[in-house]
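The shown structure was predicted, so the numbers you read here are calculated from the model rather than taken from an experiment. Computed from heavy atoms alone, side chains included, the values below leave out hydrogens, waters and symmetry copies. Residue numbers start from 1 in every chain, and the chains themselves are labelled A, B, ... in the order their sequence lines are given, proteins ahead of strands.
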Amino acid sequence: MPHELISRLLRGNAKEKKILCPLEGSVGSLVRMRVRGIFCLFETRGGKAVISCCRHHNIMTVYVLSDGSGPGSQVPSHLTRIPMALLCPNTNYNNKTVKGEVIHKGPLVRVATDDLILKTIIHEEDAMQSVDCQRMSINMVIFGALAESFSHRVNPGDILWVSGFTVGKSPTVNKDKLHPCNLLLSGDDACIYLQVSKQRPPEPRSPLASRGSSLTPAEDLRTPRAPRYTYVRLDELKNMAVVNVYGVVVFFKQPFKSRGTDYCSSLKITDQSEHKIGCTIFCEKLEDHPRIFQTGDIVRMHRVKVHLYNNSLTLVNTFGFSVVTFSGAVGGGMEPRTSSKSLQLDEDDRRTIEELRAWAACQALLSSVSAAVPLSAVQPNTYFDLICQLLAKASIDSTCTLLRVWDGTRCPHALLKVIVEPNSTEGPSSFSKHKESHIANVLVYDNHVEFSRHLKPGAFLRIYNLRAIPGSSRVPGLTSSQPVEPDHLAFHLHGGTSYGRGIRLLPENSPDVQELRRAMEAFLDHQDEEVSELNDSELLEVWSTPPEFIDGDVVDCRTERCCDHQLQLVTLSQVKQSAGGQTHHVRAQIGSYEPRRLHRALKLFCCSCSAIQDVPDEELLAGIFSEATRCPTACAPPPWALSGHVDLPGDASASQQHSPSVHLSTKLMTEGKTEQLIFLMGCSLEETQHLAAAYPNVVPVAPSGGRLALMDLTAPFLFRGTDRHYGCKRCSEAAVREPSAAGVEQVDEKMIAESETCCTSCS
DNA sequence: GGTTAGGGTTCG
């Protein structure tokens, strides 16, 4: 194939890509060829091969502009800037450049074996350029090595100058309301000049990076390189050295406010050398501190300095410090906990972590440490960690705050009651009798009062070194008229940070929170049974909202009502004081609602067979997805699909050991709608959502009987942005088929549902 | 390239 033809194809419109060419060699349904450095994908059709896709595998990548003399000064002078608003298809943009700030960066998606695609949105700031807002942000599609380099180098907030691009019509303009064109970057000429956002922390200086020149070509990240970091064992530390270390946490304190400008974390780590080394971390921002949940966690620290203090070596963070924490559970997840934007995590790191986990599991390192205890197992006169959900909180006085928490289990001991004013409570001031019996009142003192100020009801917490005290003495807020209850268990979080005393917010994805949710779910299921036996007044208490009756007349009941604002606005307290049977106009903020788990109040409705089914809750869905990820079985992709692997960006890919794959319809590809529909296999719910943000239609699939199949119909069969579309378990016959979008401008849920023989019941 | 803290239970 002549090089000129391919060059034309690369720059040309979609129609030109359908040129027929003679079949060369053995061709299956798809074949890949390399012609003068250009990868072409051919699809057989009637003894001829049709070019499906072809990309130049260029090596040049993203240029990072040097700091200094002002933005844009190093962009080559032969390039003239063109306002984004003036871009239109089929125009020659040689020697032109478009400038914009990255406002969205999609994941790097691998299609076939050698091609990569990344979608990003850039925004043009300068007001002088255009008054048309829609034309101020544009989708940019980057192919090949440039996409890979972009994925590693560029982040939202960075400023780009783009050249060597072509301009095509945007297939998503109706949906995303962005510029009607796309910027397409592939081939030799495509070039990106990058000005890293000032807000972004600088990356560590690589010894490989060249210095002194105004333009620094980014490293070619596909080539294996020497390990970026070396780690020093804890028995080989030398005073005053700046080192990188790995260690198992044997002691830690949550960050606390120092007398200086920073928060201070104190921890002690060990490794196979059995040396225990204390570490002190000073950082102004809490998020830059080690995110340690429990002893046994593994930390990796870069750029800590060895100091000698009291004849012991200690580590203190120094310039360019970064830390990442992992669970210490053998065989556990590798989700990195870090604020670092440029996390590097390779096979060596994973091996080091697994080795430390395996080693620590055989050591008696953690035997003396207080483990987390559920409320059902709390013993009087002990210190323990409590993993719980905050339901409500109330300030008692300047040195004491009440946290009302639960973990779904019930403490066998009678618990201290603390009476506070309902209007001083954040969160619900009362609960059903059943739930109340599962709630622990935790009194936190002194420095923990300040931290508690930031906590919101609903948050998941780990409270460290909580003390269970029987026969409580007088409690602040208790008036003399209230009897002291001698045999009740009180929970105190004393002031100070001894023994790591403190509170930590747990993220939703932590295994502890997932376990907590299971316990709460079990509680709620049990409560549902009880509610059905409750009488009316108890129901009122549970639902907190009076039934829709006024003077015995049924009030019009709709999901949404409009207020005509004819009545005078009154306060809730005025309503409470007024006689019944009146209509009021109030404006109020929702303090709480029941049922807390809204998915219980919403149902999916099938318009074909009128079946009603529950909306699955997130945890159940996450379980279905992770189950499908865990059991990778061999699966032949359908003959109509072009298959490849997905590289998820940053942390996500680093933390997953699975290998997600993507299947694209070759038919859609030839119709120029490649990205309109992707079939995704082996991704977690979170990853699927992530990709759904970048691609208009994402169908999760799983192997079944050696073939590609839809997932269990409990799960959505289609993600469209944040919308989820479900099949009907009763009447949908789910199957994966190649969709046809001939003559259709845009792929939508209806079209997909029809081709999947799956009815949309709700979204 | 400068401070902070430098684990080891409150005293409610």
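Whole-Å rounding puts the N311(A) CG to dG6(B) P distance at 18 Å. Rounded to an integer number of Å, the gap from I281(A) CD1 to dT3(B) C1' is 15 Å. Here the P atom of nucleotide dG1(B) and the CZ atom of F282(A) are 19 Å apart, to the nearest Å. Rounded to whole angstrom, the span from the CG atom of N381(A) across to the P atom of dC11(B) amounts to 17 Å. Taking atom CD1 of residue I469(A) and atom P of nucleotide dT9(B), one finds them 16 Å apart after rounding to whole Å. We find that CD1 of I269(A) is positioned 17 Å from P of dG6(B), with the value rounded to whole Å. Rounded to an integer number of Å, the gap from H448(A) NE2 to dG12(B) C1' is 12 Å. At whole-Å resolution of the value, CZ in F252(A) and C1' in dG6(B) are 18 Å apart.
Looking at heavy-atom distances under 4.0 Å, K268(A) makes contact with a base. When heavy atoms are screened at a 4.0 angstrom cut-off, G495(A) is found touching base atoms of the nucleic acid.
Side-chain atoms of D446(A) lie closest to dG12(B) of the nucleotides dG6(B), dG12(B), dT10(B). Of the candidates dT10(B), dA5(B), dG7(B), dG7(B) carries the atom nearest the S266(A) side chain, counting heavy atoms from C-beta on. The side chain of F256(A) sits closest to dG6(B) out of dT10(B), dG6(B), dT9(B). Considering only the side chain of Y383(A), dT10(B) comes nearest among dT4(B), dG7(B), dT10(B). Minimum atom distance to the side chain of T261(A) is reached by dT3(B), of the listed dT3(B), dG7(B), dT10(B). Side-chain proximity of V316(A) to the nucleotides dT10(B), dG8(B), dA5(B) is greatest for dA5(B). Considering only the side chain of Y445(A), dG12(B) comes nearest among dG1(B), dG12(B), dT4(B). Closest to the side chain of Y499(A), out of dT3(B), dG12(B), dT9(B), is dT9(B). The S498(A) side chain lies nearest to dT9(B) when the options are dG7(B), dT4(B), dT9(B).
Electrostatic pairing of E436(A) and R404(A) counts as a salt bridge here, judged by a charged N lying under 4.0 Å from a carboxylate O. With salt bridges taken as basic N to acidic carboxylate O contacts below 4.0 Å, one links R300(A) and D349(A).
Contact of H307(A) with dG6(B) (side chain to base): no donor-acceptor pair of N or O atoms is detected under 3.5 Å.
Ring-base stacking between F251(A) and dG7(B) is satisfied, the centre separation being under 5.5 Å and the plane angle under 30°. The ring of Y309(A) lies on top of the base of dG6(B), close enough and flat enough: under 5.5 Å between centres, under 30° between planes.
Proximity of K276(A) to the phosphate of dG7(B): no side-chain N or O atom is located under 4.0 Å from OP1 or OP2. Taking only side-chain nitrogens and oxygens, R259(A) never comes nearer than 4.0 Å to OP1 or OP2 of dT3(B). For the pair K253(A) and dG8(B), the criterion of a side-chain N or O lying under 4.0 Å from OP1 or OP2 is met.
A side-chain N or O of H289(A) and one of S265(A) form a donor-acceptor pair less than 3.5 Å apart. Judged by distance alone, the side chains of D271(A) and S273(A) do bring a donor and an acceptor atom under 3.5 Å apart.
When each of L375(A), V373(A), L516(A) is paired with I387(A), the side chain to side chain contact (heavy atoms under 4.5 Å, CB included) condition holds for L516(A) and for no other.
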- Message: Is there a salt bridge (charged side-chain N to carboxylate O under 4.0 Å, His left out) between R350(A) and E347(A)? Walk through the geometry before answering.
- Response: CA-CA 5 Å; R350(A) 293 195 180 88; E347(A) 270 316 305; 3.3 Å; yes

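With both ends at atom P, the span from dG6(B) to dT10(B) equals 14 Å, rounded to whole Å.
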